[in-house]
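Quick one: structure below, then a few questions.
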Amino acid sequence: MELRLYDTRTRAVRPVEPIRPGAIGVYVCGPTVQAAPHVGHLRSAVALDVLHRWLIASGNAVTFVRNVTDVDDKIIHDAAHNGEPWWALSARITRAFDDAYDAVQVLRPTIDPRVTGHLPQILALTEAIIERGHAYVSGGDVYLSVRTVEGYGALSNQSLDALQTSEKAVPHGQSGQKRDPLDFALWKSAKPGEPSWPSPWGLGRPGWHIECSAMAVEYLGEEFDIHAGGLDLVFPHHENEIAQSACAGHAFARHWLHHGLVTAAGGEKMSKSLGNSITVADALVTTRPQVLRYGLGAAHYRSSMQWSPEVAEEAEAAYSRIETFVRNASEAVGDTPVEESLSKASWDEFAAALDDDLGVPQALATIHSGVRAGNALLAARELPTLAATLSVVRRMLTVLALDPMSQWPSAGGGELTAVVDALVMLAIEARGQARDRKDYGQADALRDRLGEAGIVLEDTPDGVRWRLS
RNA sequence: GGCCGGGUGGCCGAGUGGCUUAGGCAAGGGCCUGCAAAGCCCUGUACGCGGGUUCGAUUCCCGCCCCGGCCUCCA
């Protein structure tokens, strides 16, 4: 395993050294299914999908867990507001997330466990923490006693005193049952009308953080390779996961991966609570899904990125350049045998970029260089070399789920395509006859008519090619 | 206030103690074309500000300014 990733805890790029060589476990904090997914959620999914795919492409057996938080304060609140059951809301939104993931070819996780399906594991973990003396029961709630946790704050580099004196670190919401303002709930007693499950401490539901500790251990074991999520989860969520798991005696995650956030036009983080988010459904109205994937995935996963119509347009321009090359080169190459050895250097460069903390920008630079070289080979009709270049470009694109041919076949039914092609060819032949007799007025008029219909003609050495604009 | 990240050429976005100073978009010039389209070639300027270390810093160190994230639910 050559992969090196930035680790939030050590604040350095470190090699990934799997606990079981050849296999690797990844836990991702997935969404709280409360409102429709926005492009920030999708950026998260795409960035981690690149990790997922690269781990697979590197020959690992990957167990990829991405949880769904399907019960929480906001879900309960919104559902009540809508007059629908909380589970109907969370199920509906879960499907909206799945649709969004599918739209941009995010690989399905090995499993996407839900909080409500793991109450036994959550209760067992909570009990273990109590037994070890790190949590206490208070009025039907269970709180983790942060002061008993050695090294609390290490992930986010916070000192307890700083947290204590921090202006905003005031207790809120809870019923004042905490011994210390820093303590957090493992289990919350049910208020009337709220969903609840039986527990040794009465009816209630899990606190926000405990679910992830419980589910990660369930599917990946007490120690696993990579835990990932958004930068906004570092504190308190991930810090608290570490604390809980340590209190239960679990080594937990070896590597902590955090991706940057998407900002809206004003440069502010895109979020539901700020009301500045662009939903995936809205983005897909104006942007093709493969372009959305390209655009959201193009920046390095750790940097913040803006999403705006301009960014979408640039992604469209950059991606169509790739598509045009793959299409043109494929037509030209036909069955020309591929000499793979010719493309090794490109692949090695690409692999080195991804191995270095998932350097997608450099990886894309390699792809674009391949495209440029390939276009030159195409013009020079050097087909054997072109075949090799096309092959490696597509191989690289496939890792990023951006190959126009295998992963993003153009829309449109087969039969209809044949009919349209025949009709367009009629026009192309008529234009050809006009050109032969130097009647360029007539030829251009025909081309303009096709253009108005959304059809672009390209004259090539091999004849006229048409495509939709 | 504390902790973390960032400020790169018209825009987006990599990267590095000096070496041919990524890549995309946009701009200008050229080639190809009947004209286009697609494509190829060439061109341009950069490293927030002020110090310091160094033979040499955009890259390392210090200070400052500005932006963002977290400290409250959040990918």
Side-chain angles (χ1 to χ4, degrees), chain A residues 8 11 28-32 34-35 37-45 47-48 66 69 72-74 77 153 156-159 161-173 208 228-237 239 258-263 267-274 277 294-295 298-300 302-306 308 310-311 313-322 324-325 327-328 353 359-369 371-380 435 438-440 443-444 447-448 451 456-461 464-467 469:
Chain A
T8 304
R11 277 170 279 282
V28 174
C29 280
T32 299
Q34 175 239 342
H38 61 242
V39 295
H41 293 117
L42 209 56
R43 191 267 175 111
S44 170
L48 296 174
R66 184 182 59 218
T69 299
D72 91 321
D73 292 344
K74 283 190 165 184
H77 172 270
S156 54
N157 202 225
Q158 305 278 343
S159 76
D161 291 341
L163 287 169
Q164 188 80 280
T165 58
S166 171
E167 282 176 22
K168 292 167 139 184
V170 285
H172 79 289
W208 175 31
L231 211 45
D232 52 353
L233 296 179
V234 176
F235 190 92
H237 188 235
E239 195 73 70
H258 291 100
H259 63 257
L261 307 175
V262 176
T263 62
E268 262 187 331
K269 171 187 167 184
M270 188 176 286
S271 84
K272 285 173 284 195
S273 48
L274 293 173
S277 49
Y294 180 94
H300 185 89
R302 283 198 284 123
S303 37
S304 64
M305 69 173 302
Q306 204 175 79
S308 66
E310 293 72 37
V311 174
E313 278 170 33
E314 284 203 7
E316 170 65 43
Y319 188 67
S320 359
R321 189 175 147 75
I322 292 171
T324 300
F325 166 70
R327 188 190 64 232
N328 293 351
V360 172
Q362 296 99 305
L364 286 175
T366 303
I367 289 174
H368 277 108
S369 296
V371 168
R372 190 166 3 83
N375 276 322
L377 293 166
L378 180 61
R435 292 177 73 200
K438 309 277 190 220
D439 183 357
Y440 295 120
D444 291 352
R447 187 171 62 194
D448 290 345
V456 180
L457 299 191
E458 295 176 9
D459 295 329
T460 79
V464 183
R465 173 165 53 222
W466 70 272
R467 64 182 166 86
S469 62

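Residue numbers start from 1 in every chain, and the chains themselves are labelled A, B, ... in the order their sequence lines are given, proteins ahead of strands.
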Under-4.0 Å side-chain N/O to phosphate OP1/OP2 contact, A:T32 with B:C73: no
Who pairs with B:C70 - Watson-Crick or G-U, where each distance is under 3.5 Å: B:G2
Separation of atom CD in A:E239 from atom C1' in B:C73, rounded to whole Å: 18 Å
Which nucleotide in B:A38, B:A14, B:C73 has an atom nearest any side-chain atom of A:D72: B:C73
Sugar-phosphate, base or nothing in reach of A:G30, heavy atoms under 4.0 Å: sugar-phosphate
Of the listed nucleotides B:G34, B:G2, B:C71, the one nearest the side chain of A:P236: B:C71
Options B:G24, B:C4, B:A37, nucleotide nearest the side-chain atoms of A:A318: B:G24
Value in whole Å for how far the P atom of B:G69 lies from CG of A:L231: 11 Å
Rounded distance in Å between the P positions of B:G52 and B:G13: 33 Å
Show each protein N/O and nucleotides 26-33 of chain B N/O combination with a separation under 3.5 Å, one pair to a line.
none

Among A:M270, A:K269, A:M305, side-chain contact (heavy atoms from CB on, under 4.5 Å) partner for A:L261: A:K269
Nucleotide nearest A:V456 when distance is taken to its side chain, options B:G23, B:A37, B:G34: B:A37
Interatomic spacing from NE2 in A:H259 to OG in A:S304 - rounded to 0.5 Å: 11.5 Å
A:S303 side chain near B:A14 phosphate (N/O to OP1/OP2, under 4.0 Å): yes
Sugar-phosphate only, base, or nothing, as touched by A:V28 at under 4.0 Å among non-hydrogen atoms: nothing
A:L48 CG to B:A75 C1', straight-line distance once rounded to whole Å: 9 Å
Separation between the C1' atoms of B:G69 and B:G63, rounded to whole Å: 24 Å
B:G17 to B:C61 separation - P atoms, rounded to the nearest Å: 12 Å
Closest nucleotide among B:A37, B:G23, B:A75 to the A:H41 side chain: B:A75
A:L364 side, atom CG; A:H300 side, atom NE2 - distance, nearest 0.5 Å: 12.5 Å
Side-chain donor/acceptor contact of A:R447 with base of B:C35 under 3.5 Å: yes
Selection from B:C70, B:G15, B:A75 that lies nearest to any side-chain heavy atom of A:F235: B:C70
Whether A:H368 and A:Y294 hold their rings parallel, tilted or perpendicular, with breakpoints at 30° and 60°: perpendicular
Closest to the A:A365 side chain, choosing from B:G23, B:A75, B:A38: B:G23
CD on A:E239 to OG1 on A:T8, rounded to 0.5 Å: 11.0 Å
Evaluation steps, side chain to side chain contact (heavy atoms under 4.5 Å, CB included), between A:D459 and A:R435: CA-CA 12 Å; A:D459 295 329; A:R435 292 177 73 200; 3.5 Å; yes
Atom-pair distance (NE2 on A:H259; C1' on B:C4), nearest Å: 16 Å
A:T460-A:E458 side chain donor-acceptor pair, cut-off 3.5 Å: no
Atom-pair distance (NZ on A:K74; C1' on B:U72), nearest Å: 10 Å
Touch class at under 4.0 angstrom, heavy-atom based, for A:G229 against every strand present: sugar-phosphate
side-chain hydrogen bond (donor to acceptor under 3.5 Å, both in side chains) between A:E316 and A:S320, worked out: CA-CA 6 Å; A:E316 170 65 43; A:S320 359; 3.2 Å; yes
Any strand: nucleotide that pairs with B:C40 via Watson-Crick or wobble, under 3.5 Å: B:G30
Spacing of A:L163 atom CG relative to B:C71 atom C1', expressed in whole Å: 7 Å
A:L378 CG to B:A38 P, straight-line distance once rounded to whole Å: 14 Å
Sugar-phosphate, base or nothing in reach of A:R467, heavy atoms under 4.0 Å: sugar-phosphate
Atom-to-atom span, OH of A:Y294 to C1' of B:G13 - whole angstrom: 10 Å
So which protein N/O to nucleotides 39-42 of chain B N/O distances come out below 3.5 Å?
from, atom 1, to, atom 2, distance (Å)
B:G39, O3', A:N375, ND2, 3.0
B:C40, OP1, A:R321, NH2, 3.0
B:C40, OP1, A:N375, ND2, 3.3
B:C40, OP2, A:R321, NH1, 3.2

Residue-phosphate contact under 4.0 Å: A:K269 side-chain N/O, B:C70 OP1/OP2: yes
